[in-house]
Asks: 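I am attaching a structure below and will ask some questions about it afterwards.
Whatever order the structure lists ligands and atoms in, that order sets their numbers, starting from 1. Hydrogens, waters and symmetry mates are skipped; everything else that's a heavy atom, side chains included, is used.
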Amino acid sequence: MITHVFPTPQAVGTALAATVVDAIVERPSLVLGLPTGRTPLPFYDALRRESVRRAVSWREVRTFNLDEFVGVPPTDAESYRAYMTRELFGPLGLPAAHIGFLDGTAPDLERECERYEEAIRAAGGIDLMILGIGANGHIGFNEPAAGLQARTHRARLEPETRASNAAQFGGDVARVPREALSMGMATICQARAVALMATGAGKAAAVRGMRDGAITAALPASFLQLHPSVTLWLDAAAATS
Ligand code: GLP
């Protein structure tokens, strides 16, 4: 894994945003995999500014988000879909037809997961998968477990993960859904390249385990060691071992 370390979370976001804009300039029909959470906020902020500054068109870019809560409608402000509309899709004017998203209110959730896998395949696969990481080493909602799911699936959230998502639900952990839909580790690892962001001391142990530890379902991100093109974008606190 190639590792870039920056002094602040803002510097991480600025540097990765410049790289993504370069990639769109080179390939206007880039297929991006995208994360939510607190970590990517400086990245999305920089991506909006850099896209405007360099007058880059997102008209042909296609996106697939990693995950979505079960039972939260996409129109609900607490959904990951609404987060993405606020942070990126709205400000950059992405055409709705180019936005791939899981629907946690679909009548048949198994079918919804299959639909998503088919949509990613039909788009030609993901060129660049951008990720955050949970303090427990989860990626998307692939939680530490005895075994991992390869493909997009319905996942149960760990109490720690629900707590870290509480801010999205007005700080009330009881309102965070117990289930979500998430790309699986194989879906993620099939992307041509992966960029993982981690900031803050709370992520340092997960980063160390992911990069230097054994490949284990107890730390799902460790499976990224099997991927030939992973770049880590860290701030100094997350990079401290
Ligand atoms: C959430 C998301 C992940 C995200 C992770 C870290 O549960 N499903 O995609 O990477 O938690 O979130 P944060 O960046 O807020 O620490």
Asks: Which is it for Phe69 and ligand 1 at heavy atoms under 4.0 Å: side chain, backbone, both or neither?
Replies: neither

Asks: Considering only heavy atoms of Asp67, which atoms of ligand 1 have at least one such atom less than 4.0 Å away?
Replies: 2 (C), 8 (N), 9 (O)

Asks: Is it true that Arg154 and Glu112 make a salt bridge, defined as a side-chain N closer than 4.0 Å to a carboxylate O?
Replies: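 The answer is no: the pair does not qualify as a salt bridge.
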
Asks: Within this structure, what is the OH-OG1 distance for the pair Tyr83 and Thr36, rounded to the nearest 0.5 Å?
Replies: 6.0 Å

Asks: Would a distance-only check, ignoring hydrogens and angles, find a side-chain to backbone donor-acceptor pair under 3.5 Å from Arg62 to Val31?
Replies: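 No; judged by distance alone, with no hydrogens or angles, the pair does not exist.
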
Asks: Shortest non-hydrogen contact from Gly209 to Ser222?
Replies: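 Minimum heavy-atom contact is O-CB, 4.3 Å.
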
Asks: Within the distance-only criterion (no hydrogens, no angle test), does the side chain of Asn142 pair as donor or acceptor with the backbone N or O of Ile139 below 3.5 angstrom?
Replies: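 A pair under 3.5 Å: yes.
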
Asks: Could you tell me if the side chain of Trp58 sits less than 4.5 Å from the side chain of Ser51, heavy atoms only?
Replies: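 Contact flag for Ser51/Trp58 side chains = yes.
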
Asks: Give me the residue, atom name and distance of the protein heavy atom closest to atom 4 (C) of ligand 1.
Replies: Thr36 O, 3.9 Å

Asks: As an exercise, identify every atom of ligand 1 less than 4.0 angstrom from a heavy atom of Thr161.
Replies: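 Near Thr161, meaning under 4.0 Å from one of its heavy atoms, ligand 1 has 7 (O).
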
Asks: Between Phe69 and Tyr80, what is the ring plane arrangement, given parallel below 30°, perpendicular above 60°, and tilted in between?
Replies: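 Tilted: the ring planes of Phe69 and Tyr80 meet at 30° to 60°.
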
Asks: I'd like to know if His138 contacts ligand 1, where contact means a heavy-atom distance under 4.0 Å to any ligand atom.
Replies: yes

Asks: From atom 3 (C) of ligand 1, work out which of Pro35, Gly132, Gly140 has a heavy atom at the shortest distance.
Replies: Gly140

Asks: Could you check whether Tyr116 and Phe64 have their ring centres less than 6.0 Å apart?
Replies: yes

Asks: Say whether Ser164, considering both its backbone and side-chain N or O atoms, lies within less than 3.5 Å of an N or O atom on ligand 1.
Replies: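 Between Ser164 and ligand 1, no N or O pair is found under 3.5 Å apart.
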
Asks: Can you report which non-hydrogen protein atom sits closest to atom 2 (C) of ligand 1, along with the distance?
Replies: Tyr80 OH, 3.5 Å

Asks: Is the shortest N/O to N/O distance between Arg38 and ligand 1 below 3.5 Å?
Replies: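 Yes, there is a polar N/O contact under 3.5 Å.
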
Asks: Please report which non-hydrogen protein atom sits nearest to atom 14 (O) of ligand 1, along with the residue it belongs to and the distance in Å to one decimal place.
Replies: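 Checking every protein heavy atom, the shortest distance to atom 14 (O) of ligand 1 gives Thr39 OG1, 2.5 Å.
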
Asks: Please give me the minimum heavy-atom distance between Leu148 and Met185, naming the atom from each residue.
Replies: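 Nearest pair, atom of Leu148 first, then Met185: CD1-CG, 3.7 Å.
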
Asks: Among all the protein's non-hydrogen atoms, which is closest to atom 7 (O) of ligand 1, and how far away is it?
Replies: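 Heavy-atom neighbour on the protein nearest atom 7 (O) of ligand 1: Asn165 ND2, 2.9 Å.
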
Asks: In terms of residue, atom name and distance, what is the protein heavy atom nearest to atom 16 (O) of ligand 1?
Replies: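 Nearest protein contact, heavy atoms only, for atom 16 (O) of ligand 1 is Lys203 NZ, 2.6 Å.
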
Asks: Ignoring hydrogens, just give me the one of Gly200, Ala155, Gly37, Ala167 whose non-hydrogen atom is nearest atom 12 (O) of ligand 1.
Replies: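 Among Gly200, Ala155, Gly37, Ala167, the closest heavy atom to atom 12 (O) of ligand 1 comes from Gly37.
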
Asks: Number the atoms of ligand 1 from 1 as they appear, then name those within less than 4.0 Å of a heavy atom of Ile133, with their elements.
Replies: 6 (C), 10 (O)

